2 protein chains.
Amino acid sequence: MATNPITKASVLTDIMLAVFRVNGRLLEKGDLLVAPLNLTSSRWQVLGAVALAGKALSAPQVAEAMGITRQGAQKQLNKLEEEGFLEMLQNPRHERSPLYALTAQGDQTISATMSLQNAWANALAAQLPLQDLKSTLQTLNGIYEQLDSPVPTKGAKT
Amino acid sequence: MATNPITKASVLTDIMLAVFRVNGRLLEKGDLLVAPLNLTSSRWQVLGAVALAGKALSAPQVAEAMGITRQGAQKQLNKLEEEGFLEMLQNPRHERSPLYALTAQGDQTISATMSLQNAWANALAAQLPLQDLKSTLQTLNGIYEQLDSPVPTKGAKT
DNA sequence: CCGCTAGTGGAAACTGGTTGTCAATATGTG
DNA sequence: CACATATTGACAACCAGTTTCCACTAGCGG
């Protein structure tokens, strides 16, 4: 540590750890944010996926949109339906596979989350320069892409 | 949306989503990385905490170091001990609370993870400019701090 | 029309984390 | 020393997600 060469790898490793911490904190704060609406972060995310689609979705479509498994999405959908945020519509394409649509309560709730989220993001972003945020977003996306395709030059050489 | 004002809040929201995605991918790839060593990402993290400390730790100390709850850490410690990566030492300070130390196998395994992690980070970071990585780390840490203290105008003491 | 395959939901077991409770051990204060 | 309080481990229930298996449905090719 005395001679401290700050390598790209070491900074990236620190970024990884920072991502873990920020991720955890984000979920934690997100839970608090929507708790008054009787939601959790994950239920919020499912509801948001349906709202964003602007139409009724089947369970596999929600899973696809969220990047989780079909069964994981199904669990949340079942609960959300039970609690009145979503309603099941007959699916003309598949009789055993209903479509999930926002109820009036669901619609109202998702609107509320949006204004909460907006206020939250504004408060958080206030202290941070726009340019930093932009470049961070870009770098994170770059990292994500690298993670997606980690073997560009398998046996190939320079 | 026609006139597209890129606000700080909107960029920050995108960063949040990026953090979620990167976090997921990181865990996924991390699992793959250490699977040959009979570890998972979380077990790796626990083992790493003990290794980093350089001495035997109690369960609450591990939890503290990892930022998870005492019980969560305990679960992993029990498994790690069962599988021979850690051994329990008598704690002179507390007779019911053992200290966990790396076994030879544990030490060997954590060394292996380090070289794997290093190679991985090097490969990932190769495509990314050092300056971008540095500023991203700094911004993420800034966001983390903002998340930690969302009410800066509160206690101006200490 | 029949049968095969792909898509779909449900249930169960598992991972990794949380909270809560309880009992036992440490610690500090009178 | 004695007692109140804080740590700690064990256990159980729960949340959020995964994988796996089973059964039913849709759709396509013979």
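Note that the structure is predicted; figures quoted are calculated from it, not measured. Numbered from 1 within each chain, the chains take letters A, B, ... in sequence-line order.
- In this model, the phosphate group of C:dG17 is approached by a side-chain N or O of B:Gln76 to a distance below 4.0 Å at OP1 or OP2.
- With respect to B:Asn78, the side-chain hydrogen bond (donor to acceptor under 3.5 Å, both in side chains) criterion is satisfied by exactly one of B:Gln74, B:Gln76, B:Lys75, B:Glu81: B:Gln74.
- Within the 4.0 angstrom heavy-atom criterion, only backbone atoms of the sugar-phosphate kind lie near A:Thr40; the bases stay farther away.
- For the pair A:Leu27 CG and C:dG16 P, the computed distance is 17 Å after rounding to whole Å.
- Put simply, CE on A:Met88 is 16 Å from P on C:dT8, counting in whole angstrom units.
- Donor-acceptor pairing under 3.5 Å, judged by distance alone, is present between the side chain of A:Gln71 and the base of D:dT20.
- Applying the 3.5 Å distance criterion, the base of C:dG9 shares a donor-acceptor pair with the side chain of A:Arg70.
- Between the side chain of A:Arg96 and the base of D:dT25, no donor-acceptor pair of N or O atoms lies under 3.5 Å.
- Rounded to an integer number of Å, the gap from CD of A:Glu28 to C1' of C:dG17 is 13 Å.
- In this structure, B:Leu47 places its CG atom 13 Å from P of C:dG16, rounding to the nearest Å.
- Rounded to whole angstrom, the span from the CZ atom of B:Phe20 across to the P atom of D:dA16 amounts to 14 Å.
- In this structure, A:Asn78 atom CG and D:dC15 atom P are separated by 14 Å, rounded to whole Å.
- If you take NZ of A:Lys75 and P of D:dT18, they are 9 Å apart, rounded to a whole angstrom.
- The nearest whole Å value for the distance from the OH atom in B:Tyr100 to the P atom in D:dG9 is 6 Å.
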